[in-house]
Amino acid sequence: MKELDELVKIREQIIPRSQLKRLAKRNNYAGLGFLAFHLSLIAGTGWVVHQAMGTWWIVPAIFLHGAMLATLFAPLHETSHGTAFRTVWLNEAVLWLCALIYIFPPKWFRYHHAFHHTYTQIRRRDSAMVLPRPITLMQYLVYVSGLTVWRRNLKYLFSHALGRIDPAEHEYAPADQYPALVREARIMVAIYAGIAALAVTYGSWAPVIYWLLPRIVGESYARWIRIAEHTGCDEGSDPRANTRTTLTNPFIRTLWWNMPYHAEHHLCAFVPFHALGKFHEQVHDKLAVSNGGYLKVHLELFRRFIRLRHGVQVN
Amino acid sequence: MEQPGKWHRAALLSDIENDDVVGVTVGEQGEHEVAIYKLGGKCYATADRCTHQTARLSDGLVIDDFIECPLHQGRFHIPTGSARSAPVSTPIRTYPTKVEDGVVYVLVEDLRFE
């Protein structure tokens, strides 16, 4: 496979395997520490929502809590790679927990995401290509709203639960796994139906207030972070140019399980999140790195929109 | 019963670190890509290409008695070749091994037998 051979060749030029092996060592402690921090923050913002009930503060509180729930994409992503924990069952349990809260079928995500790693930034192949060039302001706003992502995820969740696999999925999910994709969607839908039944029985709005509503409005934050990973980078299979690392403060980095070191992650996805900082120190001069935080990446995209509007060819 | 195929010299035992893997090619024309593992002093051999998207498993990571694909982190059980975690679902081929005078040999069927 051409893309894969190129990735391996470039990786070998950048870092020897002996060094990678040391970085790739797994443990449970880092993941448990990050998870405890993450869940504590979510509990904290949930408490803020509770305190804000009956006041106008409920609006920002719901957005804040939603942003925290959206960051669960980070452990969902790391566990989907199997790199969050050394112990497999722990990894799978956290993957399922995050997937249920995030409303994202986990096995389906694994296949979908694997394809993205193989064909990163290759038009019409990359399963997670955010916005191919040239991007317009309207495309940017629609993407950041999260509406397209909800439409896609819910479509897959419910069509899989009904036993239907979209022909477009045949490319990245092997046929012998279709029953597993259907099974996981049915389990998820059954759990959600159970929560809905309990809420109706007890006349409780808690699932809507503490989960669904924040989850819907908070998706924008996840999209805003994720747009920085590849958008505006080269379209091609060279990992030095098709993915961007965004340097940011330690709080955001921790919240996103070091996912801002995205170029390093794409260069070698078997290096676990907790070693990405060290990996970055060793290879940062060979990768695409934005050192002005997420705001700088987005301002650069806005600069492109303006140039595009004035008819200037934007690459 | 004698197994079909031929023993091929694959690697020096001393060239493989414990709990690690090396990739070699064997066969008359070097037509078989084989991953040789050393786990707890014992040698194993499997096909070197992942059944999911053909990444080279010898670039991957040995975790306990599993080999993790370097591209998508699917795992195979080294002694049996069984696929254990998504995105892999098709097993990899395993080959018998023997060690003589510090040299690892793998039993590979010639292509004409396949």
Side-chain angles (χ1 to χ4, degrees), chain A residues 1-5 7-9 11-12 16-18 20-27 78-89 91-92 95 106-120 171-181 184 266-272, chain B residues 11-12 14-25 30 33-39 46-93:
Chain A
M1 192 176 291
K2 188 169 72 70
E3 292 79 11
L4 184 52
D5 293 342
L7 173 66
V8 171
K9 206 162 78 188
R11 191 167 65 207
E12 282 168 356
R17 185 170 180 272
S18 55
L20 272 178
K21 250 178 64 184
R22 276 196 293 277
L23 289 166
K25 286 218 168 11
R26 309 288 158 74
N27 71 61
E78 193 68 29
T79 50
S80 83
H81 278 285
T83 46
F85 303 97
R86 191 179 199 283
T87 306
V88 174
W89 70 259
N91 194 83
E92 297 306 292
L95 170 69
K107 202 177 189 79
W108 173 79
F109 175 62
R110 256 195 178 134
Y111 283 106
H112 190 264
H113 192 66
F115 212 72
H116 162 62
H117 269 267
T118 308
Y119 298 108
T120 308
E171 198 169 27
Y172 53 81
D176 65 352
Q177 293 300 301
Y178 294 170
L181 293 177
E184 77 168 0
H266 268 260
L267 182 65
C268 187
F270 67 81
V271 172
Chain B
L12 289 174
S14 56
D15 284 349
I16 315 170
E17 286 180 37
N18 211 15
D19 297 323
D20 202 7
V21 55
V22 295
V24 296
T25 52
E33 294 179 302
V34 178
I36 312 278
Y37 309 83
K38 188 156 82 178
L39 304 178
T46 72
D48 197 15
R49 293 286 179 173
C50 180
T51 53
H52 174 230
Q53 283 192 331
T54 70
R56 199 181 290 278
L57 293 174
S58 55
D59 287 331
L61 195 65
V62 174
I63 302 173
D64 301 328
D65 50 359
F66 293 92
I67 178 68
E68 185 184 85
C69 173
L71 187 61
H72 301 123
Q73 292 74 55
R75 287 186 192 185
F76 297 96
H77 186 231
I78 294 166
T80 61
S82 64
R84 291 292 175 90
S85 65
V88 298
S89 57
T90 305
I92 42 168
R93 191 168 178 183

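None of these values were measured; they are calculated from a predicted model.
- Of the atoms belonging to A:T83, it is side-chain heavy atoms, and not backbone ones, that fall under 4.5 Å from chain B.
- Two residues are said to be in side-chain contact when any heavy atoms from C-beta on lie closer than 4.5 Å; B:Q73 and A:H117 fail this criterion.
- No side-chain heavy atom of B:L61 sits under 4.5 Å from any side-chain heavy atom of A:K25.
- Side-chain contact between B:L71 and A:L7 is present, with at least one heavy-atom pair separated by less than 4.5 Å.
- In this structure, B:D20 and A:R17 have side chains that are in contact, with non-hydrogen atoms separated by less than 4.5 Å.
- Using a 4.5 Å cut-off on side-chain heavy atoms (C-beta onward), A:V88 and B:R84 make no contact.
- Once rounded to the nearest 0.5 Å, the distance linking CD1 of B:I63 with CZ of A:F270 reads 9.5 Å.
- Between A:R86 and B:D64 there is a salt bridge, since a side-chain N of the basic residue sits under 4.0 Å from a carboxylate O of the acidic one.
- Residue A:E12 touches chain B through its side chain alone, counting heavy-atom pairs closer than 4.5 Å.
- No part of B:T51 comes within reach of chain A, as not one of its non-hydrogen atoms sits under 4.5 angstrom from that chain.
- Considering only heavy atoms from C-beta on, B:P87 stays 4.5 Å or farther from A:Q177 through its side chain.
- In this structure, chain A has a heavy atom under 4.5 Å from the side chain of B:R75, while its backbone stays farther away.
- Looking at B:S89, the atoms closer than 4.5 Å to chain A (heavy atoms on both sides) sit in the backbone and in the side chain alike.
- Looking at A:R110 and B:H72, their side chains never come closer than 4.5 Å, going by heavy atoms from C-beta outward.
- Minimum interatomic distance between A:G82 and B:E68 (heavy atoms only, all atoms of both residues): O-OE2, 4.4 Å.
- Under the 4.5 Å side-chain criterion, counting only non-hydrogen atoms from C-beta, B:Q53 is in contact with A:Y119.
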